[in-house]
Engineer: 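Have a look at this one.
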Amino acid sequence: CAQLSVPMGRERGWVNVSVQTYQSHRSTSQRIVQQDYTVDENGATLNALARTADSREEEQAAPAASSSSSPVATTNIVIRDWKLSGRRAHIQYDSGEHNFWFHPVVDEGKATSNTPGFPCHRGDIFLKLGMRGARLIPWKLQEGDVFRLGQAYVLVSKIRLTAETEADLLSSFNVAPIPGEFDADIEPDTDLEDEAGESRRPQCYICYEGGAQGDPLINLCQCAGSVKYVHLNCLQRWMQPEGSSAVNTHCPICKEKYPEKAQAMMIRPPAVLFESWSNHRTLKLRHWVSFAQHSTASLGRFTEHNDVVIPDHSVSGEHAFIIQQNGAFWLHDRESSNGSFIRLRAPLRLTFGESFSMKMGKSLLCVHAKRSRWSRLRMRLMALRYGDRQEEDGLSTPLSISGRASTNSLESPSTNRNSRVW
Ligand SMILES: [Zn+2]
Ligand SMILES: [Zn+2]
């Protein structure tokens, strides 16, 4: 071959995919089986092949990968040791953008888990966002996203950016009757001495004051008698104490949990409701986190240092944190031992020069897009001609794709409470 000849389908570049499969039924030396693929601009499909399926199935699919004469010689990437079969993803080359994309298959609404409410499916693909010694990918969280911290799963159940109006609040709470002006005129300030008057005029069990316009007395729990009512503002301060991102969701007196809807309305936005599944999915917890006073919330196993505590031994003491910036919530791994992963729900741009590690069941995928020599040369020529600094391999640029951005686009959270661990 002449040096300048460009392999068909690899003008701009290609994607190296290596699939490592853990096969517990094999002998120790063969436990991890690695298979490497090169994906050209014709793209590839990733197909799961159930372990129980006959190996002939794989042989049948194989010729498609090697037949270069075919105009659509799509590479067939096989992921074995998986209880699921069928297409799980595909890699596509966008000739307009000159980029490869990884498209996961998303099984929305098809519950395959025995755990009630568990949001993930067997074939979900998780992208590694960070781990000790690994590259950090900050990820912009959206409602419905699921991330994994070690073996624990966390759902971004609700994102709340604006507060409800007072009218909305009051219509959903049990509000004490506010004594009208008419009432107050007749018996001014004598109520405290008057037993009957006192029972008619409820007060806040925290500050002992009566209800007021804009700060009514409400009741959200089983408490009765003198502790029945509390000011909206007093309760808000209890639920979300000054200087804390964590939220108290139970009444301190009767220990009853406040109704979900009330919790959501009381928490000062911007706030996020997380739901976590840990200890092999046996423990489900809900965590409201408000970013009204701090732009950072930390997640981990240690009770002391975290806003979201996930009691699972696969979760590091200080595993990850979330930075709130202009109403966006960015997840960062903190060099955790077992890593942080995001469930892929949307196509991922495979930036040239960058490696992406993914998990699918017991298989690991390493995906790396490489720019061809021809393409590098072309870029250098363009740079010479226009004097621009073109995007170079290995350098992140702010990406148009939702969910990703370069690290340096985020402001330093050094002013935050959790800066000590940086
Ligand atoms: Zn009060
Ligand atoms: Zn109570």
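Please read these numbers as outputs of a predicted model, since none were measured by experiment. Atoms within each ligand, like the ligands themselves, are counted from 1 in listed order.
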Engineer: Atom CH2 in Trp238, atom SG in Cys234: separation rounded to 0.5 Å?
Structural biologist: 13.0 Å

Engineer: Rounded to 10°, how many degrees is the angle SG/Cys251-the Zn ion (ligand 2)-SG/Cys221?
Structural biologist: 110°

Engineer: How wide is the angle at the Zn ion (ligand 1) between SG in Cys207 and ND1 in His231, to the nearest 10°?
Structural biologist: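 Cys207 SG and His231 ND1 form an angle of 90° at the Zn ion (ligand 1).
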
Engineer: What angle, in degrees and rounded to 10°, do you get at the Zn ion (ligand 1) when you join it to SG of Cys234 and to SG of Cys204?
Structural biologist: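 Between SG of Cys234 and SG of Cys204, the angle at the Zn ion (ligand 1) is about 120°.
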
Engineer: Would you check if the distance from the ring center of Phe329 to the ring center of Phe291 is below 6.0 Å?
Structural biologist: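 Aromatic pair counts; centres sit under 6.0 Å.
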
Engineer: Is there a salt bridge (Lys or Arg N to Asp or Glu O under 4.0 Å) between Arg343 and Asp145? Walk through the geometry before answering.
Structural biologist: CA-CA 7 Å; Arg343 176 175 61 158; Asp145 272 349; over 6 Å; no

Engineer: Please determine whether a side-chain nitrogen of the Lys or Arg among Lys284 and Glu275 lies less than 4.0 Å from a carboxylate oxygen of the Asp or Glu.
Structural biologist: yes

